[in-house]
Structure formats: structure tokens, C-alpha cells
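Following: one structure in C-alpha cells, then a few remarks.
In listed order, ligands and their atoms are each counted from 1.
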Amino acid sequence: MIELNQVRKTYRQGGNEIRALDGIDLHVGSGEFVAIMGPSGSGKSTLLNVLGALDRPDQGRYLLDKDEISAMGDDAASDIRNRRIGFVFQSFHLLPRLTVLENVLLPQRYSKSHDASAEQRARQLLERIGLAKRMDHLPGELSGGQLQRAAIARALLNQPALLLADEPTGNLDSKSAADVLSLLAELNAAGQTLVLVTHDPVIAAKAQRTIHLADGRIVEVQA
Ligand code: ADP
Ligand code: MG
């Protein structure tokens with residue numbers, strides 16, 4: 001599903017060049033759960049942003065199934081992102097003035113084609129993750145764990161082939177983190193391809209493979 005070939009990404013800041021990704025080769029098969037670990041600044045978020053088509057590599061190739069993301073312009077990349085990729089962030093990124101249901105429906109608002117079944121899907125997703133009773137509430141009325149589960153429902157609305165999560169439990173207490181982790185593990189068990197950045201070895205232990213980054217390179221792979 002994912003094929004990265006000698007991917008490089010360099011940031012220029014002042015007179016300095018920062019090699020955030022320095023020759024990444026990575027294959028992820030459909031249905032896999034891969035964890036990414038590494039010290040702060042090692043390139044984890046940059047890698048996830050490349051996988052999520054939020055960012056393009058400046059060298060190397062990224063294929064998502066048949067689509068060569070690395071060769072795309074911004075519009076084509078954001079179209080792929082909308083249709084094929086779901087993204088979960090550490091800080092949830094829910095809009096405070098929209099209800100939980102409206103937040104979950106946001107990806108539909110951004111997509112080009114109207115999909116009449118989206119609302120039904122959103123309700124089903126919220127039910128499945130135990131938030132049916134909260135769907136008309138504002139994010140401010142939910143706990144951190146509930147917010148992250150709502151953010152996961154939103155990421156799943158367009159039935160993405162690939163779910164990406166950047167430290168999804170980083171802002172949660174241990175009980176909520178465990179809830180979110182079991183939801184992600186359940187989704188993967190049902191076939192969802194999942195790539196997740198984490199600092200937590202307990203979370204990484206649930207993955208089929210853990211990739212360790214340092215200075216923009218893969219330095220170790222644990223199966
Ligand atoms: P991690 O998520 O592992 O902490 P990042 O991928 O965020 O690491 O960053 C990798 C390196 O790239 C770091 O040295 C960081 O400072 C640098 N970097 C990331 N994003 C930018 C940016 N937008 N502009 C300049 N440097 C950046
Ligand atoms: Mg990061």
C-alpha cells in the first residue's frame with residue numbers, strides 16, 4: 001500500500017539546512033499496524049506528514065497504491081488526502097463551535113462530491129466508539145479521551161485506506177490513553193491500515209512492526 005523510496009526532506013532555516021528525512025525506504029502492506037518511534041526532532045512528524053500527503057518529499061518517491069504522491073501538486077495531493085487518508089493529531093483539532101457530529105462530518109464538507117450517506121455513517125461511527133449520547137454536544141463538554149475518539153471518528157468518515165496518528169495519546173491520562181489505544185487496535189483488527197507515531201513502548205508493542213528513527217533515518221526495525 002505504502003512504498004517509500006529514498007525519501008528526503010530538507011528544511012532551510014536561516015542559513016542552516018536541516019535534513020528532517022534523510023533517505024527513508026519503507027514498505028507498509030494493506031492491513032498492517034506500524035509504529036514509529038524516535039527522539040524529539042528525529043523526523044517522526046515529517047515522515048507522517050509525507051505519508052499523509054500534507055507535505056511532499058524533495059527527493060525520492062512515495063507511492064500510495066497506484067498514486068505517486070511525490071509527483072503531485074498541492075491540489076492533487078489534497079484530493080488524495082481527502083479521499084484516502086485519515087489523520088489524528090495529539091491535540092485533537094476539533095472545532096470548538098461545532099458539535100461533535102458536525103466535527104465528524106467536516107471531511108465531507110471539504111470533499112468535492114456530496115455524499116448523502118455521510119451523516120448516517122458519522123452517526124454509526126459515533127455509536128461504534130461509544131459517543132452516541134455526546135454527538136450534539138460541543139467539544140468543550142467532552143473529556144480528552146472522548147475528544148480523541150471523536151477525532152478518530154472524523155478521520156474515518158471518508159473510509160480512508162490509510163489511518164495516520166501523530167502521538168494520539170500524548171495529551172491523555174493513562175485510562176483515556178488505554179481506551180484510545182484499544183479503539184485503534186480494534187480498527188486495525190478489522191482491517192484498517194494504521195501508522196502511528198508514539199513515545200510509549202506499550203502502544204508500540206501493539207504494532208506488528210516498530211520503526212525507530214534518528215536524525216531522519218531508520219536506525220532499527222523491531223518486528
Ligand atoms: P519529531 O516529530 O520526531 O520531533 P520533526 O519531524 O518535527 O521531528 O522534525 C525533524 C527536524 O526537522 C527537526 O530538526 C525540526 O526542527 C525540523 N523541522 C520540522 N519542521 C520544520 C519546519 N517547518 N521548518 C524548519 N524545520 C523544521
Ligand atoms: Mg513530532
Side-chain angles (χ1 to χ4, degrees), residues 2-28 32-64 69-70 72-75 77-78 80-81 85-94 144-145 147-149 151-152 154-155 160 162-174 176-177 180-181 183-184 188 193-222:
I2 289 173
E3 200 68 61
L4 292 185
N5 218 308
Q6 283 299 301
V7 161
R8 293 193 158 74
K9 180 84 192 169
T10 304
Y11 291 109
R12 280 166 197 86
Q13 219 173 31
N16 291 333
E17 282 201 346
I18 299 158
R19 287 208 172 164
L21 297 177
D22 192 12
I24 300 282
D25 291 314
L26 177 65
H27 172 87
V28 179
E32 261 199 285
F33 176 3
V34 173
I36 299 170
M37 297 187 85
S40 180
S42 58
K44 304 181 298 296
S45 293
T46 305
L47 177 56
L48 216 64
N49 289 345
V50 165
L51 292 176
L54 289 163
D55 233 335
R56 242 52 46 68
D58 34 43
Q59 282 180 59
R61 253 157 69 98
Y62 170 24
L63 283 171
L64 178 62
I69 312 277
S70 45
M72 287 181 180
D74 288 344
D75 287 352
S78 65
I80 293 282
R81 192 166 63 242
I85 302 169
F87 224 115
V88 179
F89 302 92
Q90 179 173 0
S91 50
F92 324 132
H93 289 198
L94 296 178
L147 291 171
Q148 192 61 299
R149 283 187 284 141
I152 291 169
R154 180 181 56 186
L162 174 62
L163 182 63
L164 302 173
D166 196 350
E167 301 195 40
T169 62
N171 280 353
L172 301 177
D173 61 79
S174 56
S176 303
V180 165
L181 176 60
L183 173 59
L184 290 171
N188 172 251
T193 311
L194 174 60
V195 179
L196 170 152
V197 168
T198 184
H199 282 299
D200 187 342
V202 173
I203 293 179
K206 297 268 183 195
Q208 284 133 24
R209 234 182 337 147
T210 301
I211 284 157
H212 293 265
L213 291 184
D215 298 324
R217 295 165 190 253
I218 295 176
V219 291
E220 194 192 341
V221 180
Q222 279 173 297

Practice prompt. Using protein heavy atoms only, decide if any is under 4.0 Å from atom 15 (C) of ligand 1.
Written response: no

Discussion item. Any carboxylate oxygen within less than 4.0 angstrom of a Lys/Arg side-chain nitrogen, looking at D22 and K9?
Written reply: no

Discussion item. Please report whether atom 24 (N) of ligand 1 has a protein non-hydrogen atom at a separation of less than 4.0 Å.
Written reply: yes

Item to complete: Could you tell me which non-hydrogen atom of L162 sits nearest to which non-hydrogen atom of L51, and how far apart they are?
Response: CD2-O, 4.1 Å

Worksheet item: Do N171 and Q90 have a side chain donor and acceptor closer than 3.5 Å?
Response: yes

Practice prompt. May I ask you to identify the nearest protein heavy atom to atom 7 (O) of ligand 1, giving residue, atom name and distance to one decimal place in Å?
Written response: S45 CB, 3.8 Å

Worksheet entry | Nearest non-hydrogen partners of L213 and I218, listed with the distance | CD2-CG1, 3.7 Å

Worksheet, complete the sentence: For atom 8 (O) of ligand 1, the closest protein heavy atom turns out to be G43 N, 3.2 Å

Discussion item. Just to confirm my output: which protein heavy-atom neighbour is closest to atom 12 (O) of ligand 1, and how far is it?
Written reply: A20 CB, 3.5 Å

Worksheet item: Does D215 pair with R19 as a salt bridge, N-O distance under 4.0 Å?
Response: no

Worksheet item: Any N or O on Q13 sitting closer than 3.5 Å to an N or O of ligand 1?
Response: no

Discussion item. Suppose we measure from atom 5 (P) of ligand 1 to each protein heavy atom; which comes out shortest, and what is that distance?
Written reply: T46 OG1, 3.6 Å

Worksheet item: With a cut-off of 2.8 Å, which protein N/O/S atoms are close to the Mg ion (ligand 2), if we only count those under it?
Response: S45 OG

Discussion item. For atom 18 (N) of ligand 1, what is the closest protein heavy atom, and at what distance to 0.1 Å?
Written reply: Y11 CD1, 3.4 Å

Practice prompt. Please check if the side chain of R61 supplies one atom and the backbone of N5 the other of a donor-acceptor pair under 3.5 Å.
Written response: no

Response to the item:
L47 and I24 have their tightest heavy-atom pair at CD1-CG2, 4.3 Å

Practice prompt. Heavy atoms only: give me the nearest G43-L21 pair and the separation to one decimal.
Written response: O-CD2, 3.6 Å

Worksheet item: When only distance counts, is G41 in polar contact with ligand 1, meaning an N/O pair under 3.5 Å?
Response: yes

Discussion item. Would S42 count as a contact residue for ligand 1, given that I'm defining contact as a non-hydrogen atom of the residue lying under 4.0 Å from a ligand atom?
Written reply: yes

Worksheet entry | Nearest heavy-atom neighbours spanning T210 and A204 | OG1-O, 3.5 Å

Item to complete: Quick one: do T46 and N49 satisfy side chain to side chain donor-acceptor pair (under 3.5 Å)? Show the steps, please.
Response: CA-CA 5 Å; T46 305; N49 289 345; 5.8 Å; no

Discussion item. Counting only heavy atoms from other residues, nucleotides and ligands, does the tally under 6.0 Å from CZ of R209 exceed 12?
Written reply: yes

Item to complete: Number the atoms of ligand 1 from 1 as they appear, then name those within less than 4.0 Å of a heavy atom of P39, with their elements.
Response: 3 (O)

Worksheet entry | Shortest non-hydrogen contact between E167 and K44, atoms and distance | OE2-CE, 4.3 Å

Discussion item. Tell me whether I18 has any N or O atom under 3.5 angstrom from an N or O of ligand 1.
Written reply: no

